[in-house]
4 protein chains.
Amino acid sequence: MAPGTRRYDPDRRQRIIDAAIRVVGERGIAGLSHRSAAAEADVPLGSTTYHFKTLDDLLVAALQQANEGFAQAVEGSAALADLDREPAPDGDGTPSADPGADLAGALARLLGELLGADRGRVELEYELYLAALRRPALRPVAAQWCEAFAAALAPRTDPVTARALVAVMDGIGLQVLLTDTAYDEAYAREVLARMLRPSS
Amino acid sequence: MAPGTRRYDPDRRQRIIDAAIRVVGERGIAGLSHRSAAAEADVPLGSTTYHFKTLDDLLVAALQQANEGFAQAVEGSAALADLDREPAPDGDGTPSADPGADLAGALARLLGELLGADRGRVELEYELYLAALRRPALRPVAAQWCEAFAAALAPRTDPVTARALVAVMDGIGLQVLLTDTAYDEAYAREVLARMLRPSS
Amino acid sequence: MAPGTRRYDPDRRQRIIDAAIRVVGERGIAGLSHRSAAAEADVPLGSTTYHFKTLDDLLVAALQQANEGFAQAVEGSAALADLDREPAPDGDGTPSADPGADLAGALARLLGELLGADRGRVELEYELYLAALRRPALRPVAAQWCEAFAAALAPRTDPVTARALVAVMDGIGLQVLLTDTAYDEAYAREVLARMLRPSS
Amino acid sequence: MAPGTRRYDPDRRQRIIDAAIRVVGERGIAGLSHRSAAAEADVPLGSTTYHFKTLDDLLVAALQQANEGFAQAVEGSAALADLDREPAPDGDGTPSADPGADLAGALARLLGELLGADRGRVELEYELYLAALRRPALRPVAAQWCEAFAAALAPRTDPVTARALVAVMDGIGLQVLLTDTAYDEAYAREVLARMLRPSS
DNA sequence: AATGAATGAGCATTCATTCAT
DNA sequence: TATGAATGAATGCTCATTCAT
């Protein structure tokens, strides 16, 4: 960037967010700084502090955007789409023998897609999500993520179960990421299926 | 501490680790530095770099020890102990109607204890996860914790279910911590109970 | 303030000055910036740089105005007003035994009022002194304040004594502010009274 | 300074203080920063933050040292020394007609010396002194200055008067510095003399 | 006339690590 | 063996000021 030049750069703000997400993806949240974001976005340092008063502001913006991307990935997932296309109850009125099992299978497939797609991507999402542990500013965004996901599942079961499914998927995903274990879709399907049966 | 005095302090190394755990518990991993640990342990800065050549050395030592402490807390938990003391099948030969429900209740209580006891403590544990996400060096520690927990549960169910229980507990705990929601023991009990019924 | 709206705000300049005075009162001269003034006045940053090309322009304007306010406070002070309303020489023609004592009392009360009224306000006045020490541009303002005060006192004594009274009041006020000592009105009265007696 | 070399430099701490005093003398307190002090002392930036955790610490150290220098100047002043050498009360028991006048003269001379000696020096002292207005950390040092000065005068009068004398000298000095007026020793002598006569 | 955006300089502070003692 | 001192890098952040709109 030529020094002294002032660039006309509308969506610079957006580009800084994108850069921040890239930095977090590559170096982790600990690697995100005004400076690293500025360098990645090829903007002067002052530009990042101008658009994001504090680093937390930038982090929140990044998490929010990552969230949206994730939500879209969920909504657009082939796995869930298949469910909807599922053959309607057959003529004789009997619903498919075990509709829960189908949802379990679909979610297991979805989880597999998410985990398998792009390791960096999923790590980024978990990291931003987990960062809320220590940064209260991120909690609302994390909570919103949970709720959005649960809300997407609720129509196919009940709200309580939906929340539990999210917890299970979070837990399984975490174990896969942290223990360097391959994702076992059958196992996930089984576990999710249990979740879908009332215990009483 | 009087300057210039050299203290006879045989377990200084251990005390530095303890201090580091306290610091991580209070300020997070990002808050751990040679300096913060030295201050917390009331030892000179040089002492921390002497005993732990790099900061990562200290971090790993601290997390390992925290892990052990956590494992002990689990093993020694009143909730699990009660289970063991559980009345044997009664005279008429009928086992308790639903032994799984009892385990679910015990685990729900255990989780409540862990979450309720000391916010800093439990945040510390979860932060171990977060850190392992980005630092492969910590993955073995994280994996070990998962396995230890699962192993503790396995005798009361089967290995696969045990692992699932851990995932569920992780997921629920995470949601509580990240969304500032109060822990709902009844909900957890219900969810865990479902986990304990075979889906077939 | 809705973005994009342009407010019809005729005395914005004045409002920025007022805000600047408030900022200096609360945070000191060092705390005055285009930004802090803009925030306090609830105007956009650009507005402050538009009305005051440099920060010094704003500072001088603010201090000048503060000075005027202070002068008015002195002139309108109940303490001095009482003096004027002072009962005329009593019937027997003897003036009050010691008119100087009365002036001393009035000034002591005035000083008490000034010091007690608003810490921020009085700190602001003294900070003008501090600043003038290093910024010759402010000296005239400081000098003007001294002279205005002395001029207000001169009619009740003589010019030389008036100047001395100002010095004494400055010195006492300074000690109160700098040493966190409570203002002792009786002490001030005594000291001022001595000032009012010719030494010869 | 050759990079990479580590200098053995005992009294570096002291040299930083000296440099800070020089910086304040030249550029005012506002011009003092870790960086400016480091540059003036020709030490790396980190060195100033090592020896003085915060900038206030450095400022306090500087003020303290300036104070000491000032106290020495007072104690060693020829003006006060003359007083001590003053002929003892003469044989017939009559003390000198007006001992107060002598003290007043001596103090006026002292003030003249202090003000006249080195403008930068005296500005520095006033600035550090006045800075206590906004920086509570400096208040104790400023208070100590007052007390030390008053204590030095007390033996020659009474404590209350001593304190008043300090106030008067402060006030006069301030006026001289701020209004660009020449110091008028006769005027000061007169004012101080009035201070030395009980008003009753 | 008014202002949002931009930018380079600067600041206090923290830090991991090294080294002389 | 300990440890105080040292140091260069980095960080978050604030700022005065300029400029395009």
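Each chain gets a letter, A, B and so on, in the order the sequences are listed, and its residues count up from 1.
If you measure from atom CG of Asp42(D) to atom C1' of dT7(F), you get 14 Å, rounded to the nearest angstrom. Between the CG atom of Leu58(B) and the C1' atom of dC15(E) there is a distance of 14 Å, given to the nearest Å. Atoms CG (Leu59(B)) and P (dA16(E)) sit 11 Å apart, rounded to a whole Å. In this structure, the CZ atom of Phe52(D) is 18 Å from the C1' atom of dC11(E), given to the nearest Å. Nucleotide dA5(E) holds its P atom 15 Å from the CZ atom of Arg15(A), rounded to whole Å. One atom, CZ of Arg13(C), and another, C1' of dT3(E), lie 18 Å apart when rounded to the nearest Å. For Ile16(C) and dT3(E), the CD1 to C1' distance is 12 Å, given to the nearest whole Å. Following rounding to the nearest Å, Asp56(D) (CG) and dC11(E) (P) show an atom-to-atom distance of 16 Å.
Pairs passing the side-chain hydrogen bond (donor to acceptor under 3.5 Å, both in side chains) check and including a residue from residues 58-67 of chain B, sequence neighbours excluded, read Gln14(B)-Gln65(B), Asp18(B)-Gln65(B).
Residue Leu45(C) is the one, among Leu45(C) and His34(D), whose nearest nucleotide of DNA chain E lies closer to the 5' end (criterion: closest heavy atom). Between Gly46(C) and Tyr50(D), it is Tyr50(D) whose nearest contact on DNA chain F lies nearer the 5' terminus.
Taking only side-chain nitrogens and oxygens, His51(D) comes nearer than 4.0 Å to OP1 or OP2 of dA6(F). For Ser33(B) and dT14(E), the shortest distance from a side-chain N or O to OP1 or OP2 is not below 4.0 Å. Applying the 4.0 Å criterion to OP1 and OP2 of dT3(F), one finds that Arg12(B) has a side-chain N or O inside that range.
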Considering only distance and modelled atom types, tabulate donor-acceptor pairs under 3.5 Å from the side chains of residues 135-145 of chain B, sequence neighbours left out.
residue, atom, partner, partner atom, Å
Arg135(B), NH1, Asp56(B), OD1, 3.0
Arg139(B), NE, Ala132(B), O, 3.0
Arg139(B), NH1, Asp180(A), OD1, 3.0
Arg139(B), NH1, Asp180(A), OD2, 3.3
Arg139(B), NH2, Leu133(B), O, 3.1
Trp145(B), NE1, Tyr129(B), OH, 2.7

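Using a 4.5 Å heavy-atom threshold, the side chains of Leu128(A) and Leu59(A) count as touching. Proximity of Val60(A) to Leu63(A): side-chain heavy atoms (C-beta onward) are nowhere separated by under 4.5 Å. Contact check for Thr48(A) versus Leu55(A): no side-chain heavy atoms found under the 4.5 Å cut-off.
Across all strands, Leu32(D) comes closer than 4.0 Å only to sugar-phosphate atoms, never to a base (heavy-atom distances). Residue contacts for Thr49(A): at a heavy-atom cut-off of 4.0 Å it reaches a base atom on one of the strands shown.
Arg22(A) and Glu40(A) make their closest contact through NH1-OE2, 2.7 Å (heavy atoms, listed as atom of the first residue, atom of the second, distance).
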Pairing of DNA chain E as dot-bracket, 5' to 3': ( ) intra-strand, [ ] crossing, | other strand, . unpaired, with Watson-Crick or G-U pairs under 3.5 Å? .||||||||||||||||||||

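A donor N or O paired with an acceptor N or O is not found under 3.5 Å between the base of dG10(E) and the side-chain atoms of Arg35(D).
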The test is side-chain hydrogen bond (donor to acceptor under 3.5 Å, both in side chains); show your working for Arg27(A) and Ser36(A) and say whether it passes. CA-CA 10 Å; Arg27(A) 283 181 263 168; Ser36(A) 59; 4.8 Å; no

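The side chain of Thr54(C) lies closest to dT17(F), out of dA12(E), dA16(F), dT17(F).
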